[in-house]
Visitor: 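Before anything else, here's the structure in question.
Numbered from 1 within each chain, the chains take letters A, B, ... in sequence-line order.
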Amino acid sequence: DGGITQSPKYLFRKEGQNVTLSCEQNLNHDAMYWYRQDPGQGLRLIYYSQIVNDFQKGDIAEGYSVSREKKESFPLTVTSAQKNPTAFYLCASSIFGGPNTEAFFGQGTRLTVV
Amino acid sequence: KNQVEQSPQSLIILEGKNCTLQCNYTVSPFSNLRWYKQDTGRGPVSLTIMTFSENTKSNGRYTATLDADTKQSSLHITASQLSDSASYICVVSPVASNYQLIWGAGTKLIIKP
């Protein structure tokens, strides 16, 4: 059963803590992406990766970090430097990068700071 | 500045009725325009993708149109069903960027029985 899996579905973080969101895909896609979604706003790109061991900052990378050690995995760490981390986080993947490729999304992780 | 504006912000219609959602964009030039459906608390799912040279694209009861001259797109939903209740998001890909997608804020559609 192919797809893209995000975990956990809900995550609570205390102020000052780092948390890591998991994203795994078995679609053999080269490119992976992390987006943040806030109410009433469009999705915003945090980081993207075209190939293993390489990733690029998106529009709102500050306070976030990623790694791409395996093709299937692209975890996102929300660090304590991110001042307003409460949001819905979406991971996506595509066959290869570029504006004309179809992106497939995971089910999202809702992060709440408590 | 590249922007995508959607209207209305929210819409309530009765089951079985048709509706049309609007998308105005300032992105130019662009390579394609997409419509996504997003159920509450889930990831977006692609409905249609149109290149700049296409005028219309259908996917079942969903029909997207594109007018590149006026920089407008619309998504028409025919014979609405309760499962159509979701947010519908318009997304435009600028030619100048490899990975950047300009996302609209979406229209929240509620279908009532």
Visitor: Fit a plane to each ring of A:Y47 and A:F55, take the angle between them on a 0 to 90° scale, and name the class: parallel (under 30°), tilted (30 to 60°) or perpendicular (over 60°).
Guide: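 Ring orientation, 0 to 90° scale: perpendicular.
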
Visitor: Which region of B:F30, side chain (C-beta onward) or backbone (N, CA, C, O), has a non-hydrogen atom less than 4.5 Å from a non-hydrogen atom of chain A, or is it both or neither?
Guide: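 No part of B:F30 comes within 4.5 Å of chain A.
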
Visitor: Does a donor on one side chain and an acceptor on the other come within less than 3.5 Å for B:T78 and B:N18?
Guide: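 Not at all, the side chains of B:T78 and B:N18 share no donor-acceptor pair under 3.5 Å.
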
Visitor: Between A:K71 and A:N28, does any side-chain donor sit less than 3.5 Å from a side-chain acceptor?
Guide: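 Judged by distance alone, the side chains do pair up.
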
Visitor: May I ask you to check whether B:S58 and B:T63 show a side-chain donor-acceptor distance below 3.5 Å?
Guide: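 Looking only at side-chain atoms, B:T63 and B:S58 do form a donor-acceptor pair, the distance falling under 3.5 Å.
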
Visitor: Would you call A:R68 and A:D54 a salt bridge, taking side-chain N to carboxylate O under 4.0 Å as the test?
Guide: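 Here A:R68 does not pair with A:D54 in a salt bridge, since their nearest N and O are not under 4.0 Å apart.
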
Visitor: Suppose a student defines contact as a heavy atom less than 4.5 Å from any heavy atom of chain B. Which residues in residues 34-44 of chain A would they list?
Guide: A:Y35, A:Q37, A:G40, A:Q41, A:G42, A:L43

Visitor: At a 4.5 Å cut-off on heavy atoms, which part of B:Q9 comes close to chain A: side chain, backbone, both, or neither?
Guide: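 Contact with chain A involves no heavy atom of B:Q9 at all.
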
Visitor: Measuring heavy-atom distances to chain B, does A:A103 have an atom under 4.5 Å in its side chain, in its backbone, in both, or in neither?
Guide: both

Visitor: I'd like to know if the side chain of A:S49 pairs up with that of A:Y33 as donor and acceptor (distance under 3.5 Å, no hydrogens or angles considered).
Guide: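 Note: A:S49 and A:Y33 side chains miss the donor-acceptor criterion.
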
Visitor: Is it true that B:T65 and B:S74 share a donor-acceptor pair across their side chains at a distance under 3.5 Å?
Guide: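 A donor-acceptor contact under 3.5 Å links the two side chains.
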
